[in-house]
Amino acid sequence: MEGTIYWTDWGNTPRIEYASMDGSNRRIIADTHLFWPNGLTIDYAGRRMYWVDAKHHVIERADLDGSNRKAVISQGLPHPFAITVFEDSLYWTDWHTKSINSANKFTGKNQEVIRSKLHFPMDIHTLHPQRQPAGKNRCGTDNGGCSHLCLPSGDVFTCACPTGFRKTGSKTCALSLDKFLLFARRTDIRRISFDTSDFSDFVIPLSNVRSAVALDWDSADDYMYWTDTNSDSINRAKSDGSAQEVIIETSLESPAGLAIDWVTQKLYWTDAGTDRIEVSNTDGSLRSVLIWENLDRPRDIVVDPIGGFMYWTDWGANPKIERAGMDASGRIVIISSNLTWPNGLAIDYESERLYWADAGMKTIETAKLDGADRTVLIGTDLPHPFGLTLYEDRIYWTDWQSKSIESADRKTGLDRKTARENLENLMDIHVFHRQRPKVHSACSINNGGCSHICLLSPHPKGHSCACPTGVNLLADGKTCSSGMDRFLIFARRTDIRSVSLDIPYFADVVLPINVTMKNTIAVGVDPVDGLVYWADSTLRKISRASLDGSNNQDIITTGLVTTDGLAVDAIGRKIYWTDTGTNRIEVGNLDGSMRKVLVWQNLGSPRAIALYHEMGYMYWSDWGENAKLERAGMDGSDRKVLISMNLGWPNGLAVDKAGSQLLWADAHTERIEASDLEGRNRRILVSPVQHPYGLTLLGAHIYWTDWQTRKIQRADKDTGENVIVVRDNLPGLMDIQAVDRTHALGYNKCGDKNGGCSHLCLPNPVSYSCACPTGILLKDDGRTCDPSPDTYLLFSSRDSIRRISLDTDDHTDVYVPIKELNNVISLDYDSVEGKIYYTDVFLDVIRRVQLDGNGLETIIGEGLKTTDGLSVDWVARNLYWTDTGANTIEVSRLDGRHRKVLINNSLDEPRAIAVFPRKGYLFWTDWGHVAKIERAHLDGSDRKVIINTDLGWPNGLTLDYDTRRIFWVDAHLDRIENADLNGKTRQILVSQVSHPFALTQEGRWIYWTDWQTKSIQRVDKYSGRSQETVLGNMEGLMDIIVVSPLRQTGSNPCGVNNGGCSHLCFARSYDFVCACPDDLVNEVCSTIPGYLPSPPHPTNNSEKISGPSSPNTQGERADSTPGVTAGSCSEAEASDGLCTHNGAIPASAGDKLRVPHIIAGSLSLLCLLLLICALLIYRHRRAKLSDPALGTLTYSNPSYRTSTQEVKIEAVHRPGACHLQRHRKEAHPDNGFTKEKIRILEGFGLLSGEESEWDDLKQVKPSRGSILRDHVCIKTDTVSLQASTASLDLTETQQLLQEEQSETGSVTLPPSPERRASLPDTGWRGRHLPSTESEV
């Protein structure tokens, strides 16, 4: 409004000032009785300003010119900080009271605390249009004609330029800076322009600058470069801060010096951590090590493209300044005396002199470029010089101790000036300008003829060619080899690196694989295709990529837990791996296909694996409870324990084929040992080694990684002597492999046309054997395999669906490669089309997919709450499911069309469901308040309870179609029972199981999943004996079914042309019926087989279509009666009983009932059903009134509702019940847990996915017959527990129960079970020994 600005200054002379908004007319308006003037605000309406003084504890005001000063509030202000005004009130923050306060702006009265308990409240403003009143815009609509800034000044305006930019006219500014001083201050980089006279420093807007040390610049692209010793990286950005990027961030430890060759666009740097001088292109590509020997903490570096030399300082044990060609040729020491900490370097290209600053000698000196004519330029008043640069006739330097930037005459050292002072952490300094000398170079023409890197060198040679790190230059002196021939490759958890053995120095290079790695443990190399393979135990996958980082690919993504060892069979084109989590050794093709489990029995914790291709052997180490080294054929045959004594944690393993010996590293005994290939003649090679992990061998040397020393070391393979450090300071070292691509590969018979095998060809000591993927039998010809198992189990485990073949005796699980599995509960299989159907209660969908994982489609995606059970009618092509959330049983076609609710009354908690198409029966379990097993026809008719006594939590249900019996598991009574199809001849098959969930039947066996034992078990279905574990150590087990050609057999009338029905066909024990879906809209539906109603009149309403998300439903639509067209049932046809809008009419074969008889019979049946329903409702309500459980929590047996991130535990609100004791109490010794509370825990266990919760559940689970039934009164209708989809802590459960205890006074909780202490990030999970390697 007035074109002025006001500010407070609490420096040595506290004051309040104002000036015009262009900085002119500056004036002090208050400078007395001020100490810490903090906040300041202007009352535009009253034309006053208000400020707070934290030292004087006062709020004052004055006119805008400083007159009429007056204290508004002088009491009750411990530490005011900021202030604002709005209308008649002042608002301020106070550090001491940590509050926001207000008072009247005229009197200071009516003080009020607006908000308290704030952590150091800072600035405060009022957001309202009154706080920014309209005023005159002095700059007009076109920014006053200014090219950059238009600043008001009184009634006029001034055109201004950004800091450092010079004016090129009265209203225009330069577009860029021509010359400026560039310096680093660790956490920022600043510039001081030489284009203007104010010499103000400007912070260049950069991000993540943590410890900037060295600087340089290139005016050609307007880039500045800097090193960061905190992030160990080299970065660049435009001089205005744009286009910032990290160009080098690997294999750096302390990059302290940086120099730009502006002629060939090369970047040179020194690294005081690795003691190396390196070079690369300015974008970080084609990196090469130039000097790696006899360096001891190199510091600064400068280059002279004119002469082809580079110079650097070294402040190690013997400080010196050295020179070499820019290609590292002709290296000499030019200064070696009277040096302590030689820091900054600079070259005067005109006078051909070298300048340096020595922080120890406290001097700035100069000499000729060969070190002659050494002179002290400045020898006084230099506390700690660091950076140094030259420009025109001045020399500039930074000083740590004086915290200043100074300059002097570069020839005499006189005329010293201070450019800036009071600057902390000053580092390197340079002058950016655009007058660097132009130099002609041979590298500018066709890259000097070099295939990769062209480097300048001293005359007369002028230039030379170089190769990226680890690659050799060929004899022509210009061309680099295609890659490394002999090298080490090792994993470092988050990256994979290589060390070339072709060159005379050891330098690790990160493979540029553009993929996230979290815990890479094992590595292997295929020298034929030049691919590296690695296993990540956190991501649980095996991947591969080219050695140049391209073509990365995940080859195995399922069925892995902790892959510790990996070996590549480059001859047979196979990959072998060990898995400590599953305790298996597996093999597969190099692309991950045709996986086969080779060894699965008697494994503790298999780790390293090594192959002897020519002999057909594989060796592995096992650091389980009984540590050992084993050997077997590469097909798993002839397994043998070689060494089992005096082993602790046998980690790395290597086979010396030339020396016929086996070598291993033991981190517990701290030894590297060797034996012959039979495990005899054991001897110690190297001892002690602190914590060896990976071990490999190449030529005459062994190489190993060490966790504790963080080193890669080398020793002679025969004697263990001559130990040297290959690379150090490498945390997270894991596996290591040596590769020699010049060495000819061996031979085995599988290398020739896969040995004639259709699938897997695996060598063994005698010859080879053909093998099939896991679970598939080899045919009688011994060479070919079936495409899939004949009979197998399918089971779900929350985030996976797996298969266990029953054709083979290994009983190992194989993942079905299905994507997007979140919380799979129930599943079934359709043998006709070969598809799996499953429910996912996280997404609330029903989906189907082929066995190979293809063809995934959502068939039901709406209207589901908690789908517990699922069953396929393979004859009528219908799908049935239970919904515990909606308390319904529904049906649809297999493609999701024609959905219909069959049963929606008298259901409490429906769970498992099974169909018997041949008999036309539907069975389901209900674990609600009154647990029961029911049966109905497939259309929902003739419903009856067949079992309702002596049931707890009837979970799983299956049918034995051969013996015509039903089997079920009871998770509360802990048993498996069976009965005939009418619920009669009931028998207990197994009387004591832990916590069964689902079951199935095949042949003479009953299979079931168990939550507590985390296993799949089976038992003889006739005797209940021969119980055995099929698969153990399985988390999150859910449903299980059998896929067998003998399982889904039989037929019924609906199996032929859908029974002639237009939509749904339901078989019954004596006939079949046609029915219409619930969502029938503008669509014809006939309930008379083969009858086609007349089409409807055209309407404008859009037709509602329900079905799968995938449009591929022709197979299912073909089941409908040909010729049925879209339309609606007419009223005349409906009145004649020829069709219904939404119903079913039975159609018996050969029975020609007339329409009147049908109508009369239907009405009679309807009246009877109404009477039965009324009776059931009356009995149900009467039972509720006397139900003792209505006051208790009803959330009991597991519910899977996780998609909403919330578990709701419902209880009926009955005010009067709180004063009645309706429950019979019994003494119970088991910590007072009620049955309902245990059921709550079970629900949480299912919801959380943490199967460890069942250990706690079983400890408090009451025995049958002595359940303490406490009466619990809950005053609110719903208790909500926020729960993560992944886990729900038992502590929250206990808190809920403790709140319940406070109302009843009858529950005592046991202490929380101790959580296992977190292990360090070791790459595996130890299980057997209480003191294992993973606890180191």
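A quick note: this is a predicted structure, and the numbers were derived from the prediction, not measured. Numbering starts at 1 and runs along the sequence shown.
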Might you work through the salt bridge (charged side-chain N to carboxylate O under 4.0 Å, His left out) test for Asp926 and Lys932, ending with a clear yes or no?
-> CA-CA 5 Å; Asp926 191 316; Lys932 55 185 178 291; 3.7 Å; yes
Quick one: pull up CG in Leu827 and OH in Tyr837 and give me the separation to the nearest 0.5 Å.
-> 12.5 Å
Consider only side-chain N and O atoms of Asn854 and Asp852, and report whether a donor and an acceptor are under 3.5 Å apart.
-> yes
Salt bridge check: are Arg964 and Asp980 linked by an N-O gap of less than 4.0 Å?
-> no
Residue of the set Ile966, Thr1000, Ile1040, Val1042 for which side-chain contact (heavy atoms from CB on, under 4.5 Å) holds with Thr958 | Thr1000
Donor-acceptor side-chain pairing of Thr858 and Arg847 below 3.5 angstrom = yes
Any donor-acceptor pair under 3.5 Å from Asp970 side chain to Gly952 backbone = yes
Is there side-chain contact between Cys1076 and Thr1087, with at least one heavy-atom pair below 4.5 Å?
-> yes
Polar side-chain atom of Asp840 near backbone of Asn823 as donor-acceptor pair, under 3.5 Å | yes
Do the side chains of Pro1077 and Cys1085 get nearer than 4.5 Å, heavy atoms only?
-> yes
Examine the side chains of Gln1027 and Gln1017 and answer whether a donor and an acceptor come within less than 3.5 Å of each other.
-> yes
Any idea which heavy atoms bring Ser1051 and Arg918 closest together, and the distance?
-> N-CG, 3.7 Å
Please check if the side chain of Asp830 supplies one atom and the backbone of Trp874 the other of a donor-acceptor pair under 3.5 Å.
-> no
Drop me the distance from Asp883's CG to Asn887's CG, to the nearest 0.5 angstrom.
-> 8.0 Å
Member of Arg899, Arg897, Arg893 meeting the salt bridge (charged side-chain N to carboxylate O under 4.0 Å, His left out) criterion with Asp895 | Arg897
In terms of side-chain geometry, is the basic nitrogen of Glu890 or Lys900 positioned less than 4.0 Å from the acidic oxygen of its partner?
-> no
Taking the side chain as every heavy atom from C-beta outward, state whether Glu977 and Ile988 have any pair of such atoms under 4.5 Å apart.
-> yes
Show the numbers, then the answer: is there a side chain to side chain contact (heavy atoms under 4.5 Å, CB included) between Arg986 and Thr949?
-> CA-CA 11 Å; Arg986 181 175 176 179; Thr949 60; 3.5 Å; yes
Given side chain to side chain contact (heavy atoms under 4.5 Å, CB included), test Leu999 with Phe967 step by step and report yes or no.
-> CA-CA 8 Å; Leu999 84 165; Phe967 289 79; 3.8 Å; yes
Would you say Lys1021's side chain and Gly1003's backbone share a donor-acceptor pair under 3.5 angstrom?
-> yes
For the pair Glu1028 and Arg1018, evaluate salt bridge (charged side-chain N to carboxylate O under 4.0 Å, His left out) and give the outcome as yes or no after the intermediate values.
-> CA-CA 6 Å; Glu1028 60 185 71; Arg1018 73 177 183 180; 3.1 Å; yes
Ile1016 versus Thr1009, closest heavy-atom pair with distance = CG1-CG2, 4.2 Å
dist His759:NE2 -> Arg783:CZ (nearest 0.5 Å) comes out at 14.5 Å
Polar side chain donor-acceptor pair, Ser831 to Gln1048, under 3.5 angstrom | yes
So do the side chains of Glu833 and Arg877 get within less than 4.5 Å of each other, counting heavy atoms only?
-> yes
Does a donor on one side chain sit under 3.5 Å from an acceptor on the other, for Ser800 and Arg802?
-> yes
Rounded to the nearest 0.5 Å, what's the gap from SG on Cys1065 to CZ on Phe1072? Could you check?
-> 5.5 Å
Given Tyr921 and Leu938, is the side chain to side chain contact (heavy atoms under 4.5 Å, CB included) satisfied, shown in steps?
-> CA-CA 5 Å; Tyr921 283 146; Leu938 289 172; 6.0 Å; no
Backbone N/O of Leu1031 and side chain of Thr1029: donor-acceptor pair under 3.5 Å | no
Tell me, please, which residues at least two apart from Glu934 pass salt bridge (charged side-chain N to carboxylate O under 4.0 Å, His left out).
-> Arg943
Side chains of Arg911 and Asn955: donor-acceptor distance under 3.5 Å anywhere?
-> yes
Side-chain touch Gln1001/Arg1047, heavy atoms, less than 4.5 angstrom = yes
Check whether any side-chain N or O of Ser1044 sits under 3.5 Å from a backbone N or O of Leu1046 as a donor-acceptor pair, and report yes or no.
-> yes
Polar side-chain atom of Asn1058 near backbone of His1063 as donor-acceptor pair, under 3.5 Å | yes
Would you confirm whether Ser871, through its side chain, and Tyr880, through its main-chain N or O, come within 3.5 Å as a donor-acceptor pair?
-> no
Cys pair Cys1054/Cys1061: SG distance under 2.5 Å?
-> no
Answer yes or no: are there more than 12 heavy-atom neighbours, outside Asp780 itself, under 6.0 Å from its atom CG?
-> no
For Ser1015 and Asp1010, test the side chains for any donor-to-acceptor distance below 3.5 angstrom and give the result as yes or no.
-> no
Is a donor on one side and an acceptor on the other found under 3.5 Å between the side chain of Ser1069 and the backbone of Gly920?
-> no
Would you check if the distance from the ring center of Tyr961 to the ring center of Phe916 is below 6.0 Å?
-> yes
Would you call Glu857-Lys835 a salt bridge at under 4.0 Å N-O?
-> yes
Aromatic ring proximity, centroids under 6.0 angstrom, His937 and Phe1066 = no
For Glu862, does the CD atom sit with more than 12 other heavy atoms under 6.0 Å from it, leaving out its own atoms?
-> no
Between the side chain of Asp868 and the main-chain N/O of Thr882, is any donor-acceptor distance below 3.5 Å?
-> no
Test item: Asn1052 and Lys919 side chains (from C-beta on) under 4.5 Å apart, heavy atoms | no
From OH (Tyr815) to CG (Asp799), nearest 0.5 Å | 6.5 Å
Please walk me through it: do Tyr1022 and Leu989 pass side chain to side chain contact (heavy atoms under 4.5 Å, CB included)?
-> CA-CA 8 Å; Tyr1022 299 108; Leu989 185 65; over 6 Å; no
Quick one: do the Asn589 and Arg595 side chains pair a donor with an acceptor below 3.5 Å?
-> no
Below 4.0 angstrom, N of the basic side chain to O of the carboxylate: do Asp810 and Arg584 qualify?
-> no
Distance-only donor-acceptor pairs under 3.5 Å for side chains of residues 788-796, two or more places apart:
{"from": "Ser796", "atom 1": "OG", "to": "Ile825", "atom 2": "O", "distance (Å)": "3.0"}
{"from": "Ser796", "atom 1": "OG", "to": "Asp1039", "atom 2": "N", "distance (Å)": "3.0"}

Pairwise distance CG(Leu922) to CG(Asp873) - rounded to 0.5 angstrom = 9.5 Å
Just wondering, do Leu894 and Arg848 contact through their side chains at under 4.5 Å, heavy atoms?
-> yes
Are side-chain N/O atoms of Ser826 and Thr839 paired as donor and acceptor at under 3.5 Å?
-> yes
Sub-4.5 Å side-chain heavy-atom contact between Leu1064 and Asn878 | yes
